[in-house]
Structure formats: structure tokens, C-alpha cells
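The residues of the chain are indexed from 1 along the displayed sequence.
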Amino acid sequence: MPELPEVETVLRGFRTAFEGQRIRHVTVNRPDLRWPFPLDLRERLEGQDVLSFHRRAKYILMRVGNGMSMMLHLGMSGRLLLGQSGMNTTPPRHEHLVLETENGARAGLVDPRRFGMVDLVPTDHEDTHRLLSGLGIEPLSDKMTGPYLHSLMQSRRTPIKTALLDQRLIVGLGNIYVCEALFRSHIHPTRAATSITLQEANRLATFIRAILTEAIASGGSSLRDYVQADGTKGGFQDLHLVYGREGEPCSYCATGYTVSRITQSGRSTFYCANCQK
């Protein structure tokens with residue numbers, strides 16, 4: 001599933017092509033994805049100026065001139081592909097929604113598994129939407145400090161990796177970037193969240209921000225379905241230090257130590273048993 005860097009990368013491409021433009025045409029090719037499309041989606045978007053974009057967690061919000069926001073989640077396999085209207089190309093398979101602007105920009109939502117979603121919400125009430133209202137802090141916000149992270153973990157008896165994946169605490173973090181942050185912070189993924197010291201929380205908060213920033217600059221991680229809005233792959237997968245590197249030498253340890261893998265809550269966790277304590 002695309003994580004925060006991948007969603008942010010898609011949002012930036014979408015913004016570049018659509019912000020300040022007027023939506024000329026909306027094509028809905030099926031009635032639903034994970035949930036039904038709003039019945040008035042086309043009527044609410046056609047003829048509207050695109051004012052701005054916003055990301056909350058892994059949701060993209062496109063704000064238009066009639067006071068509405070189109071909310072988009074890519075799900076597990078969703079892609080938003082940008083191009084130009086009128087090109088003599090065959091639309092990709094599983095393209096369920098197409099937005100076209102008056103200047104010829106085209107955005108097609110492709111989602112083979114149909115776990116994504118599209119909804120409409122009044123812009124002034126985005127934060128009260130049922131999918132957004134219970135979310136935690138943004139990891140790239142000023143609130144993401146060591147002391148705040150430490151306070152979040154004090155009441156959590158679950159493993160630290162599980163706690164970091166809890167979207168009610170911190171949003172946008174997924175398996176890849178939590179594995180990488182814990183590795184760089186030298187924290188074992190199975191440790192109880194309550195055991196994390198303030199010094200460790202300071203280090204972890206710093207690395208979370210640094211890794212996410214680095215991943216966004218690299219266009220995210222392309223492992224299976226994810227591509228950037230222009231159809232190219234991201235580059236951060238080439239910079240993973242532990243994720244997907246089971247059996248390879250640890251980047252931090254002396255010769256002889258390799259990356260291990262265990263399963264936590266049905267997901268693979270990659271770590272070094274020697275340098276993560």
C-alpha cells in the first residue's frame with residue numbers, strides 16, 4: 001500500500017497539472033471502488049476551478065470553487081496517471097475515473113483491486129469526515145517531536161513497531177518507513193512502546209522526519225504497483241537499509257551480521273538483531 005511519501009509524491013504531480021485549472025469533463029467508468037462513488041460526483045466537479053490541494057495522512061484532497069473537496073485514497077493498488085486529453089492512446093485497464101481540464105490536462109485513476117476510494121466533502125468540514133476525524137498527528141508537522149512521541153508511547157504496551165503503525169497516533173507511516181526508522185534509531189521492533197526512553201524518542205522522531213523527507217525527494221518506493229503520477233517509478237527502494245534485505249549484511253554492524261525478518265501482525269519486519277536493542 002502506498003505510504004505517506006508515495007501519496008505526497010502523487011499529490012505534488014496532481015497539483016502541478018491541475019491547480020488553477022478548470023475541470024472540463026469528468027468520466028466515471030464504474031459505480032464504485034471500495035465504496036460507491038458519490039452519485040453527483042460529475043455534476044459537483046465539472047465546470048469548477050481547482051483551488052488547492054491538501055494531504056491528510058494517506059488521503060489527497062482536491063479543493064474546488066464550489067466549496068467542495070474531492071477526497072482520494074489510492075488503496076493497495078491505486079495509481080493516478082497524468083497525461084493530456086485527446087491523445088490517441090488506449091486508456092489503461094481498470095481506469096475507473098478520469099478528470100480533464102480545459103487546458104488539456106488529464107488524470108486517470110487506475111485501481112485493479114478496487115480498494116481505493118473517492119468521496120466528496122465540504123472543504124470547511126474536511127477534518128470531520130468519518131475517515132479523517134480520528135487520525136493522529138502528521139509526522140512531518142512541528143508537533144512531531146521527541147517529547148511528544150515519548151508521551152504517545154507511554155500508555156502503549158504493544159510493540160513499538162505496532163504503535164508506530166497505529167494511524168490514531170501518527171498518520172502516514174507504513175511498514176517500509178517504520179522498519180527503516182527503527183533500524184536507524186537502533187531500536188528493536190519487538191520492544192514494548194512503553195520502554196522507549198526520551199533519548200530514544202528524540203532519535204526516532206528525528207529519523208522518521210529525515211526518512212520521510214528523503215523518500216519524498218526520491219519519489220517514494222516502487223515495489224509492486226506504485227508509480228509516480230507521470231508513470232515513472234520512485235527511487236527510494238534503492239536506498240532501503242533493511243526493508244526487503246533479509247540475509248544481506250547489516251549496513252551498521254561489523255562483518256558477519258545480516259538483516260533478519262520476523263512477522264508482526266501479519267507483516268514482515270526487517271531488522272538487525274545485533275544493533276537494534
Side-chain angles (χ1 to χ4, degrees), residues 1-46 48-83 91-92 94-101 105-135 138 167 171-172 174 216 219-220 222 225-231 234:
M1 179 180 293
E3 301 180 19
L4 186 152
E6 290 76 54
V7 176
E8 180 67 24
T9 300
V10 171
L11 180 148
R12 292 183 182 188
F14 198 9
R15 174 190 289 146
T16 297
F18 271 66
E19 192 168 84
Q21 304 302 321
R22 178 165 294 176
I23 298 174
R24 176 180 64 85
H25 191 60
V26 176
T27 304
V28 181
N29 292 323
R30 62 172 297 115
D32 59 3
L33 291 177
R34 187 174 183 182
W35 295 294
F37 285 114
L39 293 177
D40 57 352
L41 180 65
R42 183 175 62 82
E43 290 79 5
R44 289 292 189 99
L45 294 181
E46 285 187 347
Q48 297 301 317
D49 293 327
V50 179
L51 304 181
S52 63
F53 285 83
H54 176 64
R55 179 191 53 76
R56 181 69 172 110
K58 300 176 186 180
Y59 296 89
I60 294 172
L61 292 145
M62 180 182 74
R63 296 157 169 172
V64 297
N66 60 1
M68 300 298 293
S69 297
M70 185 189 81
M71 188 167 72
L72 167 66
H73 193 284
L74 297 174
M76 296 181 66
S77 61
R79 293 176 291 161
L80 189 72
L81 299 181
L82 298 174
H94 310 294
E95 186 177 66
H96 307 307
L97 176 67
V98 179
L99 306 179
E100 298 172 280
T101 67
R106 183 185 192 277
L109 176 60
V110 177
D111 189 356
R113 300 186 189 183
R114 303 200 304 274
F115 286 136
M117 58 80 62
V118 172
D119 202 0
L120 288 173
V121 56
T123 301
D124 290 343
H125 299 284
E126 289 174 352
D127 291 340
T128 63
H129 190 279
R130 61 186 178 84
L131 296 175
L132 304 183
S133 60
L135 294 176
E138 290 285 340
Q167 302 296 297
V171 301
I216 292 169
S222 290
D225 299 297
Y226 167 73
V227 293
Q228 299 181 66
D230 62 1

Start with the C-alpha gap between H94 and D111, add the side-chain angles, then the distance that decides, and say whether side-chain contact (heavy atoms from CB on, under 4.5 Å) holds.
CA-CA 6 Å; H94 310 294; D111 189 356; 5.9 Å; no
Test log, rule side-chain contact (heavy atoms from CB on, under 4.5 Å), inputs Y59 and M117
CA-CA 9 Å; Y59 296 89; M117 58 80 62; 4.1 Å; yes
Checking M62 against I23 for the side-chain contact (heavy atoms from CB on, under 4.5 Å) test, could you report, in this order, the C-alpha distance in whole Å, the side-chain angles of both residues, the deciding distance, and whether it holds?
CA-CA 12 Å; M62 180 182 74; I23 298 174; 3.8 Å; yes
Verdict with supporting geometry, L33 and L97, side-chain contact (heavy atoms from CB on, under 4.5 Å):
CA-CA 10 Å; L33 291 177; L97 176 67; over 6 Å; no
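At least one donor-acceptor pair under 3.5 Å links the side chain of N66 to the backbone N or O of R44. A donor-acceptor pair under 3.5 Å links the side-chain atoms of E6 to the main chain of E3, judged by distance alone. At least one donor-acceptor pair under 3.5 Å links the side chain of Q167 to the backbone N or O of G172.
The salt bridge (charged side-chain N to carboxylate O under 4.0 Å, His left out) check on E138 picks up R55, R56, with sequence neighbours excluded. Judged as a side-chain hydrogen bond (donor to acceptor under 3.5 Å, both in side chains), and not counting sequence neighbours, the contacts of D32 are R30. Listed by chain and residue number, D119 satisfy the side-chain hydrogen bond (donor to acceptor under 3.5 Å, both in side chains) test with H129 (two or more places apart in sequence, or in another chain). E95 pairs by the side chain to side chain contact (heavy atoms under 4.5 Å, CB included) definition with P91, P92, V98, R106, V110, not counting sequence neighbours. When the salt bridge (charged side-chain N to carboxylate O under 4.0 Å, His left out) test is applied to D127, no partner is found at least two apart in sequence or on another chain. With sequence neighbours excluded, the residues satisfying salt bridge (charged side-chain N to carboxylate O under 4.0 Å, His left out) with R42 are E46. Listed by chain and number, the residues in a salt bridge (charged side-chain N to carboxylate O under 4.0 Å, His left out) with R114 amount to none (sequence neighbours excluded). Applying the side-chain hydrogen bond (donor to acceptor under 3.5 Å, both in side chains) criterion to D49, with sequence neighbours excluded, gives R22. For Q21, the side-chain hydrogen bond (donor to acceptor under 3.5 Å, both in side chains) criterion is met by N103, not counting sequence neighbours. Annotation: ring pair (Phe, Tyr, Trp, His ring centres under 6.0 Å) contacts of F53 (sequence neighbours excluded): F14.
Residues E126 and R63 have side chains in contact (heavy-atom distance under 4.5 Å, counting atoms from C-beta outward). V121 has its side chain out of reach of T128: every pair of non-hydrogen atoms, C-beta onward, lies at least 4.5 Å apart. L61 places a side-chain heavy atom less than 4.5 Å from the side chain of L132. Here the side chains of L51 and T123 are not in contact, with every heavy-atom distance at 4.5 Å or above. Residues L131 and H73 fail the side-chain proximity criterion, which asks for heavy atoms closer than 4.5 Å.
Applying the ring pair (Phe, Tyr, Trp, His ring centres under 6.0 Å) rule to pairs touching residues 22-46 yields nothing, sequence neighbours excluded. Applying the side chain to side chain donor-acceptor pair (under 3.5 Å) test to every pair with at least one member in residues 11-20, sequence neighbours left out, gives these pairs: E8-R12.
Between the CZ atom of R34 and the CZ atom of R113 there is a distance of 13.5 Å, given to the nearest 0.5 Å.
When all heavy atoms of V50 and F18 are compared, the closest pair comes out as CB-O, 3.3 Å. Nearest heavy atom pair, residue A105 against residue A17, reads CB-O, 3.8 Å. For the residue pair Q48 and V64, the shortest heavy atom distance occurs at CB-CB, 3.9 Å.
When each of V118, V7, L80 is paired with I60, the side chain to side chain contact (heavy atoms under 4.5 Å, CB included) condition holds for V7 and for no other.
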